[in-house]
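Worksheet: one structure, shown below.
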Amino acid sequence: MTAPPIERRRRIVESAAALLAAHGLHGWSVEQVAASADCAKGLVHYHFGTRTALLEAVIDAMARGRMARRIAALSPSGTAALDALWTVLREDASAGTSRAWLEAGLDGGAGIRRALAPTDAELGEFAAASSAAMELPTLPSHRVHTLLLLLDALEASLVRGAPEADVREAYDRIWLGMM
């Protein structure tokens with residue numbers, strides 16, 4: 001029995017995301033995605049049309065998952081939330097998804113850069129979660145954007161091999177500054 005179209009599409013995106021994390025932005029092909037998703041190359045093209053459209057769907061899925069993990073990490077309060085968020089940053093940096101994320105931001109086209117951006121709803125959820133975790137008034141949107149950019153920079157530092165202790169110290173300083 002064949003999988004429903006939504007399930008096939010999800011499986012193709014997951015396979016492409018795994019290949020992107022493992023091989024980088026330029027190290028994967030539609031043929032590899034099809035083989036990994038256990039489907040025909042034509043089926044990938046049927047669902048996405050082009051490699052670029054598939055890449056945009058993958059980056060969008062990665063972006064939504066990345067933000068969801070960050071928001072979920074902030075569900076405890078105080079230092080437990082900060083430690084949980086730090087763990088998410090470290091795990092993403094070591095899993096290859098951060099490298100793929102960075103490459104997409106630098107080398108991707110306009111559609112990919114749009115997929116990288118958090119939605120307004122995600123920004124609101126992150127603002128509420130971070131404010132609640134630190135028992136602060138709700139952060140204004142410009143501070144939320146700044147905080148997310150700083151977290152991305154720290155994650156990029158981990159990907160580039162900066163000493164984890166130095167990056168963690170910078171992370172802690174950012175949160176102290178937010179208070």
Side-chain angles (χ1 to χ4, degrees), residues 3 5-39 41 43-75 81 84-130 144-162 164 167 171:
I6 290 178
E7 175 62 23
R8 276 193 305 242
R9 184 177 169 89
R10 183 192 58 75
R11 202 168 57 227
I12 291 167
V13 168
E14 287 176 357
S15 295
L19 288 166
L20 183 62
H23 304 291
L25 187 63
H26 303 290
W28 64 278
S29 67
V30 173
E31 291 84 4
Q32 291 170 319
V33 171
S36 178
D38 196 28
C39 69
K41 179 181 171 185
L43 196 55
V44 175
H45 286 291
Y46 171 78
H47 283 289
F48 298 97
T50 65
R51 182 180 189 273
T52 300
L54 172 59
L55 182 59
E56 288 172 6
V58 170
I59 294 299
D60 185 64
M62 289 173 72
R64 305 297 69 90
R66 186 173 188 256
M67 184 58 84
R69 286 189 303 280
R70 288 180 174 189
I71 292 167
L74 291 168
S75 65
L85 182 57
W86 171 252
T87 299
V88 168
L89 295 177
R90 275 190 17 246
E91 288 172 352
D92 281 353
S94 66
T97 54
S98 294
R99 186 194 60 185
W101 178 265
L102 293 168
E103 286 179 0
L106 294 173
D107 296 342
I112 292 170
R113 284 192 294 279
R114 275 192 303 279
L116 290 169
T119 65
D120 289 340
E122 288 171 330
L123 289 172
E125 287 180 56
F126 186 83
S130 56
V144 174
H145 282 281
T146 300
L147 178 57
L148 288 170
L149 288 172
L150 290 169
L151 293 175
D152 290 346
L154 293 173
E155 202 171 303
S157 295
L158 290 170
V159 169
R160 288 192 316 267
E164 188 174 314
V167 179
Y171 173 82

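Residues E31 and V44 fail the side-chain proximity criterion, which asks for heavy atoms closer than 4.5 Å. By the 4.5 Å heavy-atom criterion applied to side chains, W28 and L55 are counted as neighbours. Side-chain contact between R51 and V33 is absent, with no heavy atoms from C-beta onward closer than 4.5 Å. Looking only at side-chain heavy atoms (C-beta outward), F48 and E56 stay at 4.5 Å or farther from each other. Under the 4.5 Å side-chain criterion, counting only non-hydrogen atoms from C-beta, L89 is in contact with R70. Contact check for L150 versus Y171: no side-chain heavy atoms found under the 4.5 Å cut-off.
Heavy-atom minimum distance, R99 versus L20: NH2-O, 3.8 Å. Nearest heavy atom pair, residue E122 against residue R64, reads OE2-NE, 2.7 Å. Considering all non-hydrogen atoms of both residues, P118 and L123 come closest at CG-CD2, 3.7 Å. Nearest heavy atoms, V167 versus S157: CG2-CB, 3.9 Å. Residues R11 and D38 share a closest heavy-atom pair of NH2-O, 4.3 Å. Nearest heavy atom pair, residue A73 against residue A84, reads O-CB, 3.3 Å.
Here the side chain of S36 pairs no donor or acceptor atom with the backbone of Q32 at under 3.5 angstrom.
How far CD of E91 is from CH2 of W86: 11.5 Å, rounded to the nearest 0.5 Å. Expressed to the nearest 0.5 Å, how far CE of M62 lies from CG of D60 amounts to 11.0 Å. Taken to the nearest 0.5 Å, the CD1 atom of I12 stands 10.5 Å off from the CD atom of E7. Rounded to the nearest 0.5 angstrom, T119 OG1 and E125 CD are separated by 7.5 Å. In this structure, S98 OG and L154 CG are separated by 11.0 Å, a value rounded to the nearest 0.5 Å.
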Exercise for review: Any chance you could lay out the side-chain contact (heavy atoms from CB on, under 4.5 Å) test for V13 and H47, step after step, and finish with the verdict?
Suggested key: CA-CA 10 Å; V13 168; H47 283 289; over 6 Å; no
Review point. Do R66 and D152 pass the side-chain contact (heavy atoms from CB on, under 4.5 Å) test, and can you show the C-alpha distance, the side-chain angles, and the key distance before you say yes or no?
Key: CA-CA 11 Å; R66 186 173 188 256; D152 290 346; 2.9 Å; yes
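Residue S130 is tested with L85, L74, I71 for a side chain to side chain contact (heavy atoms under 4.5 Å, CB included); the sole match is L74.
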